[in-house]
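The structure under discussion appears below in the form of structure tokens.
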2 protein chains.
Amino acid sequence: MRPSPRNPEWGGPATILNVGLNDARHRALAERLGQGAADALYLRFVQAYAVHVARLDPDMFEARAPSAEALKAALRAYEDETDEPFPQDPAQQLGAALRSMARAWEGTTARLLRQAKGAPAEAGLGLIVQQMVPGIGAGVSGTGNVQFVDPVTGTAGVTGRFVAQSLGPDGAIANGSTPVASDGTGGALQDLAPGVFADLVAYGAACRARLREEMQLEFTLADGRLSVIDAVRTARGARAELRIAVALAQDAIISTAEAVRRIEPRALSELLHPQVDPRAARDAFARGIAASPGAAVGRIVFSAAAAQASAARDEPCILVRRETAPEDIRGMHAASGVLTERGGMTSHAAVIARGLGLPCVVGASALRIDARDRRLQTAEGRVFREGDIITLDGTAGEALAGAAEMLAPALDEDFRTLLGWADGFRDIGVRANADTPADAQTARDFAAEGIGLCRTEHMFFEPERLIVMREMIFANTPADRASALERLLPMQREDFARLFEIMQGLPVTIRLFDPPLHEFLPQTREGLRELAEALDRPLSDITRRAEALAEANPMLGMRGVRLGVAMPEIYEMQARAIFEATLIAAGRGAPVVPEIMIPLVSAMREVELIKTRIEAVAAAVRTALGRDFDYRLGVMVETPRASLRAGDIARHAAFLSFGTNDLTQMTYGLSRDDAGRFMSAYVNLGVFPEDPFQTLDLEGVGELLLIGAERGRRTRPDLTLSICGEHGGNPESIAFCRRAGFDYVSCSPYRVPLARLAAAHLALAERAEKTS
Amino acid sequence: MRPSPRNPEWGGPATILNVGLNDARHRALAERLGQGAADALYLRFVQAYAVHVARLDPDMFEARAPSAEALKAALRAYEDETDEPFPQDPAQQLGAALRSMARAWEGTTARLLRQAKGAPAEAGLGLIVQQMVPGIGAGVSGTGNVQFVDPVTGTAGVTGRFVAQSLGPDGAIANGSTPVASDGTGGALQDLAPGVFADLVAYGAACRARLREEMQLEFTLADGRLSVIDAVRTARGARAELRIAVALAQDAIISTAEAVRRIEPRALSELLHPQVDPRAARDAFARGIAASPGAAVGRIVFSAAAAQASAARDEPCILVRRETAPEDIRGMHAASGVLTERGGMTSHAAVIARGLGLPCVVGASALRIDARDRRLQTAEGRVFREGDIITLDGTAGEALAGAAEMLAPALDEDFRTLLGWADGFRDIGVRANADTPADAQTARDFAAEGIGLCRTEHMFFEPERLIVMREMIFANTPADRASALERLLPMQREDFARLFEIMQGLPVTIRLFDPPLHEFLPQTREGLRELAEALDRPLSDITRRAEALAEANPMLGMRGVRLGVAMPEIYEMQARAIFEATLIAAGRGAPVVPEIMIPLVSAMREVELIKTRIEAVAAAVRTALGRDFDYRLGVMVETPRASLRAGDIARHAAFLSFGTNDLTQMTYGLSRDDAGRFMSAYVNLGVFPEDPFQTLDLEGVGELLLIGAERGRRTRPDLTLSICGEHGGNPESIAFCRRAGFDYVSCSPYRVPLARLAAAHLALAERAEKTS
């Protein structure tokens, strides 16, 4: 009896169990094979049954040299432990084995892994019951398995082991394990039985051609007679999976559509894992088991709640726990890596981290973790506290102090080939959210079809700009404000020109200034004092005006278009910078039609007012520079009211992009920054089926998207619709946007490949449905 | 030519202008009446025309003894000022008079007053052109007016003045003003010409019966011959209006429906003005003109923005300005009273304040107001600063230091009669928002049909409760928390029992605890130190936990049902208090079916969880006390998502009450606390047609109400629907809720009469529409 191929992937038993041996068959085997061989076979059977079916202590049945005494001892131990004689009825043995496997399938670890892998909740256990073919005989005999590709890289090549079993003169079995493929030194199965080897290769090729898959064969040899007893899908990592699918399609065994369909979008994130640069200096402070590959840099957090709070702040973190439990899953989701003091390769942390594709080191037992005081101490006495930055190297099984140099993941030819095929099937656009030239370059590397969201405010946080920004905020007169903005203009212009150049004519959507002004002020009294000195103003003046800018609920305050209406000079400067950059980029060979996006709109008239001003700036730039350019003006839909009034708003907008982060906050009345402390409990209690900041809430926020899209398109049939924000890269969100007739999704650059593939899957699934 | 009756009410000209006199008619009059009388009439005409039509300086045409010289001087002055001779063509005179009146109608002050009075934007100017009847002759001659009710109280009684005009022997006119009605001392028109007086009274009664209105007559007497030249609606205050309407209905001249329709709901607020108790001590620090009656207590603010911010915090304020300008209107709306240094009875502040029914004192010229430093100084050198509490007595024209003792407005029999009639026509319920026994008593006095919103958190801010509340917040263990809640239980129970008793069986909707816990913590370091001492805990511990409770956006944070889910003990305590109070009230003869309302819901499962717990508490109370009671559980719809998911939510809710304050904040993504600084600009720019916190936004928030109502009723046809919050008392909101099939509106107790009347108007208007 063997499990079906999906079982181990989904956390079920992978064990092959023989059933049907009993005292009577033992006697018959002894007559045919000799007493020693029969004893050895029966002993091995009893051992496996006791451990895997009756779940007795493996120590009591540890492998020992087969002998009549050992067999008797094992049978006695079984009876002592279970108060029953070893079962003789094959049907009873089979029933017990089936029940045991079903129990394992329903166990917590298996369920969690299935959940993490996205298996359907009702996924069933598959088991195959087939006739035994013992590989025992006088000639070349034994059992083995053989693969035809490398399980890590997926490249072609025969691997596998053969366990030869020869009957000794006393009838006892001698075992010896050898490789299947010859390495030229002799002794491999290929050397012993070249004909058998050739047959295996032929069977493998036949399987690949007929089953359209790389299969691993299990076989027995009895006196040189080959029996292939099983062919299962070769176990493989994500990289191998990709290589295999591409190779099968290139060999015309499967279609390119099939190859695309075979790669789970989520699996791509594993391929995109960065690694610690091997050439860089390493300050390792902890060593453990390399439980899940990849590397990540982040701040130490000691609880799942802290991990979620950190994620809410967009700060990567490493979750450090003595060990993890099911209630930590949300925290693991939120973390960039997991480090535990206890546990092994099959511990909760390790299983889940692999399922999530998260770098993980477990069993770093020299560490002393004190979660209450939020500190950890190494064997050498070094102390790290919550918030300290470390690097977790899940590939090497080490934790390093500080932020280590990282290498971007290698994106090979197969990766590009498959995604190229995916793009051929895809029917919804994929853009990237990119604020900086580096982001834009990543977006280009991942073949994003443009920038869907460029947040301009990050540009003002660079030190030399921040001071000008603050001068602008504290300006006493419109003239002073204009003078500060005049100094920001060339910096913005160059920012945009560089983005346009990198994107080489692809559309770039620039969101106008969004955050409240107080975000640009120092938060401490000391900082205010320095600012007062820098601006040569009395501290009391600076303090008073900083206080006047403070807000009770900044999320719902004076920001976005409200600032644009109140201080039109800011948006005018940005519009000028965008238009001048457009002309510069055109001169550098990257003509672009920039898209200007107005944030936090809640009423049509806001758009109308800003539009009028931007049109005036465009006219002024055209006149001043004597050259023409084109641009599009649109709205970021982030308030429920903007969705409801999309029909009005579309009268003045060429595109609507749904900012689902803020829209979720307002639809729920829930600040993402403040939700961390109870989101975990809420999801565990099933109050929310999922964290709506992770998974788009289709029932509430989703309805507002549909309303907005429908009303917007009714006013303007050619309205461009999209979503930006973190939901943009999720397969469920993409499916939703596709159904709703959106033009594109925009997500973080590293999610772009996943989004491209997921979108292709959706188109292919629909096509399959239509033809079925 | 005279204005139509609506003009003066709506800010238009009230002047009667004669036209048609010229040199030729002057000569003809001289022949008929003598030169002196003709000169006097022509002079008076030229003066009026110059000032009211040509808008020349009144000083140049000041009344002087009529004579041929005075007439010549006036004609010359006219020519000097206008460079044109005095116009001789009656048609030209008429045209100029019409244009002049139209200009006044379109003037700023008139427009603002019309806006404040709720006149339609396109309201036209009415003018009547009729033949002149000069009241000049040898016998009893003159002009006069007469009213048949008191313009302030509306009680019956003849008043009015008669200006006798007798031709002197030289043909000159002598004027003398006397009362119309005799006071027994002789000399009144009634004494001089009792027959004329009797005719006037008969004409008045005829007007009242035929025109179904109290009319004021203007008349001329020429040689004892009475000509009634006009009958206009008697000018009157709100109190008189009410008395007149009730009396007309009681006399069966109009129907009760008509009486109800005649009282503008907004006018009631004037009747409800509190007054400073005349028996209390007064510390007046400023005196000015009593520009608008009533009195109010509030904190001083020096700008419209500060007034709006104060209103957002629910803190009454008195707006203090040197003078007001149109951009202050929003601030005046938000203020409880207005005090200005400059201006008279027709200044902007005075006109607008009367329009808004706001107590107002203008021209307090001894004050020195410094808005920049936010202080004011009295003649005696006393200094008041922003935030200081004062009392504005608009009836006496004084400002008093501190909060003076107030008298509730007198609600007389007429008031009750009319509202009783209104209730007979009304087809939507009106409840009150009442948090305290005092509020509940006011609600009862105003015949509210129950309490639609009782916010329980105010109950925890009383000093002796606050400390227990803080113990609860800082409890280390569930047992400690339970013990603090155990001490709060009897206080809450008595709160509720008193409310139930006052409401005498009317429904009471109690909203479970809503605010974030940090609202109950001291805001200063000193306060935290005191708290640490009171709780006998280290300051560092208190500070750390207070910091942990702080939130980036409290409006969107850990409050409402989220707190109820996370700390179920709080809601359990409140439910127990409500149920025990229900039994106590029943024992005291006030059986009630309390309504428990869950705040800030965004998902159905939140309701399900709380419902289960409350049901368990109900069962426990029933068992422990061995008595049964009934209750209803419902949801406060404050998040857009709760509206969208109302279909689900209604499965567990007997009622939905829309909290339009928070719903507006979330639909717009706009914090009311932070909107003050730009709302005024937004409304002036027409970005928002109205402040959505003042006037329900029908297009956005309103649609969410309709969606919620429709989906909720689809699930549960008998679902009770209502709105609570400040929009609840506005006529537009009531109209909206009525159309949407809501069961009731709930508003502040003082708005209840207005809401009752407005609801009756709506029902009557619909009835009128159906029969027309």
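Residue numbers begin at 1 in each chain, while the letters A, B, ... track the order of the sequences.
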Proximal component of Val607(B), with respect to chain A [non-hydrogen, under 4.5 Å]: neither
Electrostatic pair Glu703(B)-Arg711(A), nearest N-O below 4.0 angstrom: yes
Give a yes or no on whether the backbone of Leu685(A) and the side-chain of Arg605(B) come within a donor-acceptor separation of less than 3.5 Å. yes
Under a 4.5 Å cut-off applied to non-hydrogen side-chain atoms, are Gln665(B) and Met666(A) in contact? no
Checking Ala552(B) against chain A: side chain, backbone, both or neither under 4.5 Å from a heavy atom? both
Between Leu670(A), Asp697(A), Leu644(A), Leu704(A), the one whose heavy-atom pairs under 4.5 Å with chain B are most numerous: Leu670(A)
Less than 4.5 Å to any heavy atom of chain A: does that hold for the side chain of Asp662(B), its backbone, both, or neither? neither
Contact part of Arg562(B) toward chain A, heavy-atom cut-off under 4.5 Å: side chain, backbone, both or neither? both
Checking the side chain of Asp674(A) only, and the main-chain atoms of Glu551(B) only, is there a donor and an acceptor separated by less than 3.5 Å? no
Can you tell me how far CZ of Arg641(A) sits from CD of Glu699(B), rounded to the nearest 0.5 angstrom? 6.0 Å
Ranked by heavy-atom pairs below 4.5 Å to chain A, first place among Ala642(B), Ala681(B), Ser602(B), Gly560(B) goes to Ser602(B)
If you take all heavy atoms of Leu609(A) and Val687(B), which pair is closest and at what distance? CD1-CG2, 3.4 Å
Nearest non-hydrogen partners of Leu556(A) and Asn553(B), listed with the distance: N-OD1, 4.4 Å
Shorter than 4.5 Å, heavy atoms on both sides: which option in Asp648(B), Val565(B), Val701(B) has the most such pairs with chain A? Val565(B)
Under 4.5 Å from any heavy atom of chain A, what part of Tyr668(B) do you find: side chain, backbone, both or neither? both
If you count heavy-atom pairs under 4.5 Å between each of Pro689(B), Pro554(B), Pro516(B) and chain A, which one has the most? Pro554(B)
Which one, Arg672(B), Met604(B), Met558(B), leads in non-hydrogen pairs under 4.5 Å with chain A? Met558(B)
Heavy atoms only: give me the nearest Thr639(A)-Thr667(B) pair and the separation to one decimal. CB-O, 3.6 Å
What part of Leu663(A) lies closer than 4.5 angstrom to a heavy atom of chain B: side chain, backbone, both or neither? neither
Measure distances from Leu563(B) to the heavy atoms of chain A and classify the residue's part below 4.5 Å as side chain, backbone, both or neither. neither
Mark yes when over 12 heavy atoms from residues, nucleotides or ligands other than Arg545(A) sit less than 6.0 Å from its CZ; otherwise mark no. yes
